[in-house]
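Atoms within a ligand are numbered from 1 in the order they appear, just like the ligands themselves.
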Amino acid sequence: MDACKEINESYTLAEAVKEAQRCLRCKVPQCKAACPISNEIPDWIHELKMGNFGNAIHIIRSKSNLPAVCGRVCAHERQCEGACVLNKTGKHINIGKLERFVADFDAEAGLTHFDILPKTRGKIAVIGAGPSGITVAGDLSRNGFQVDVFEIESQAGGMLMYGIPDYRLPKDVVLREAKHLEVLGVNFLFNRHIGIDFTIDDLLEKGYDAVFLGIGSGKPRVLDIPVTKSGSTETSNSPDCKDVILATHFLRKVQLCHEGLIEREELNINDGDKVLVIGCGNTAIDAARSAVRIGARTVDIVYHRDIDRMAALRSEYEDALSEGVRFNWNASVVEVHTDSNDNMYEAVVEIKDGENVTRTVYPAHKILMAVGARPSTRIPNTTHGIEVDEKGFIITQQMPYGMTTRKGVFAGGDVANRQATVVHAMADAKKVAEGIIQYVDAIKLMKIIEGSNS
Ligand code: SF4
């Protein structure tokens with residue numbers, strides 16, 4: 001199996017038009033209602049059907065800064081496609097695949113033309129070039145704001161770049177979307193570490209009217225699992241075991257390896273390893289499928305709930321199953337055994353079946369942990385006046401939407417505990433962009449009034 005090759009085939013032009021022709025262009029479109037960013041689905045499908053591809057991408061881009069990404073990684077089955085009326089009588093319209101077709105066709109034909117406004121309305125700093133940051137930057141730039149995006153990595157995309165494997169989302173697609181923002185006038189500044197190279201206070205002192213924090217929740221959660229060393233009475237804890245690896249770190253390394261920036265040997269999983277993955281969200285499934293692709297002998301997902309409560313999409317689960325990933329429901333890893341050289345060789349898994357609890361020993365060389373994440377403490381530690389809740393998520397308000405306890409500083413997406421999919425992060429970021437516009441317009445108006453009264 002090619003570790004990088006995109007798994008889903010794109011439509012040909014004829015196939016896309018044929019699929020678009022099935023759309024009923026419903027008067028009250030349930031697909032649009034179920035889309036977190038209210039994408040004007042029937043309208044652009046209609047333009048596609050008529051062969052007006054430029055109009056189609058124009059309509060899509062009026063709501064989304066990341067159509068080629070959404071077309072590939074959105075949870076369509078739970079959103080637009082799940083709500084399509086044609087589900088009742090046959091098969092829903094393949095909205096995601098059509099959106100991907102339009103965005104990819106645009107990339108080939110260069111159909112996107114933006115109306116670029118002069119950047120006179122205000123100056124905004126966006127921290128983080130992931131889905132939230134890209135969305136805020138795109139929406140504000142379109143509304144006449146000068147936007148500088150400060151990104152810790154050397155390229156845009158955030159978790160789109162390092163958290164979703166290439167076979168689901170090729171990285172040139174992400175970079176292509178970021179390029180559109182540059183055309184809009186957004187300025188990217190890479191390799192800038194918030195809290196190390198600069199602080200929010202620095203930005204506000206430099207004259208930015210507002211700052212948006214779209215930094216995600218970069219501190220993965222870890223479970224404490226006892227680790228027993230063979231031939232010893234020593235017991236340690238899983239965070240200290242070299243063979244218990246964070247799934248997000250593993251996925252990042254896989255991507256760096258694809259880019260040729262690190263060697264295959266630096267990936268934590270070796271050819272022939274037996275791997276357990278703890279968790280059953282999309283990160284867990286991505287990590288499991290990536291482990292299969294790089295040569296793990298067996299990959300078992302161990303999840304403490306049943307299949308109906310997994311966070312992963314059903315389609316992702318089915319794809320993983322067909323690629324050989326095994327699923328263990330109502331199961332938890334309760335102990336890990338290492339040899340005298342600290343290499344893991346087995347894990348004890350507890351399985352609950354009603355009142356019955358059984359324990360099984362699984363041969364295991366590596367465990368990938370994918371049990372959620374929390375924000376880093378760097379922002380509240382380096383910025384005065386930003387309050388966080390008991391779990392470390394930044395507290396924000398409804399009016400103006402997304403503003404933190406520090407005036408002029410906004411946050412959205414994962415860091416503000418609105419964790420969800422890429423498109424939910426985008427939807428939240430769109431609301432925060434509106435909040436920023438309200439705030440900046442209001443303070444500028446106040447200054448004009450104060451100036452005229454003095
Ligand atoms: Fe077309 Fe389905 Fe949306 Fe109706 S609900 S407009 S058929 S995609």
Side-chain angles (χ1 to χ4, degrees), residues 6-109 111-112 131 135 138-139 160 164 168-169 173 176-177 180 282 312-319 420-431 434:
E6 195 169 9
I7 40 177
N8 296 316
E9 292 293 311
S10 186
Y11 277 138
T12 64
L13 192 150
E15 287 168 344
V17 172
K18 192 170 172 213
E19 179 67 0
Q21 284 168 345
R22 292 204 302 121
C23 176
L24 306 175
R25 209 181 184 191
C26 304
K27 284 222 159 33
V28 185
Q30 297 306 310
C31 53
K32 177 183 168 185
C35 173
I37 56 168
S38 300
N39 198 326
E40 305 287 352
I41 295 162
D43 291 351
W44 64 256
I45 290 184
H46 175 72
E47 295 297 334
L48 173 57
K49 180 176 92 177
M50 304 303 286
N52 301 326
F53 304 131
N55 290 354
I57 190 66
H58 188 74
I59 294 168
I60 295 175
R61 287 203 187 279
S62 70
K63 291 286 175 75
S64 172
N65 291 289
L66 293 164
V69 173
C70 287
R72 286 170 166 86
V73 303
C74 265
H76 303 107
E77 68 192 50
R78 288 187 186 159
Q79 295 161 2
C80 54
E81 292 178 1
C84 174
V85 290
L86 289 177
N87 279 309
K88 290 181 193 144
T89 53
K91 170 114 182 59
H92 61 74
I93 300 291
N94 281 314
I95 300 165
K97 215 167 159 183
L98 287 180
E99 185 177 25
R100 171 182 161 179
F101 170 81
V102 175
D104 289 356
F105 191 90
D106 173 42
E108 296 276 318
L111 300 172
T112 295
T135 300
D139 283 12
L160 301 175
I164 301 180
R168 280 214 297 137
L169 179 61
V173 170
R176 205 169 77 198
E177 297 286 31
H180 279 117
N282 283 337
L313 287 176
R314 196 82 185 193
S315 55
E316 289 291 314
Y317 155 75
E318 281 163 6
D319 287 346
T421 60
V422 171
V423 74
H424 282 104
M426 289 165 61
D428 189 56
K430 289 181 90 62
K431 283 171 70 181
E434 283 168 23

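A salt bridge is defined here as a Lys NZ or Arg NE, NH1 or NH2 lying under 4.0 Å from an Asp or Glu carboxylate O, and R168 with E316 meets this definition.
Applying the 6.0 Å contact sphere to NZ of K91 captures more than 12 heavy atoms from other residues, nucleotides or ligands.
Evaluation of the ring pair (Phe, Tyr, Trp, His ring centres under 6.0 Å) rule for Y11 yields no partner, not counting sequence neighbours.
Results of the side-chain contact (heavy atoms from CB on, under 4.5 Å) test with R61 over L66, D106, V102 single out D106 as the only residue that passes.
In terms of modelled atom types and a separation under 3.5 Å, the side chain of E19 and the main chain of L98 share no donor-acceptor contact.
For atom 1 (Fe) of ligand 1, the neighbouring protein N/O/S atoms at less than 2.8 Å, given as residue and atom, are C23 SG.
Taking the six-membered ring where tryptophan is involved, the planes of F53 and F105 are tilted, since the angle between them lies from 30° to 60°.
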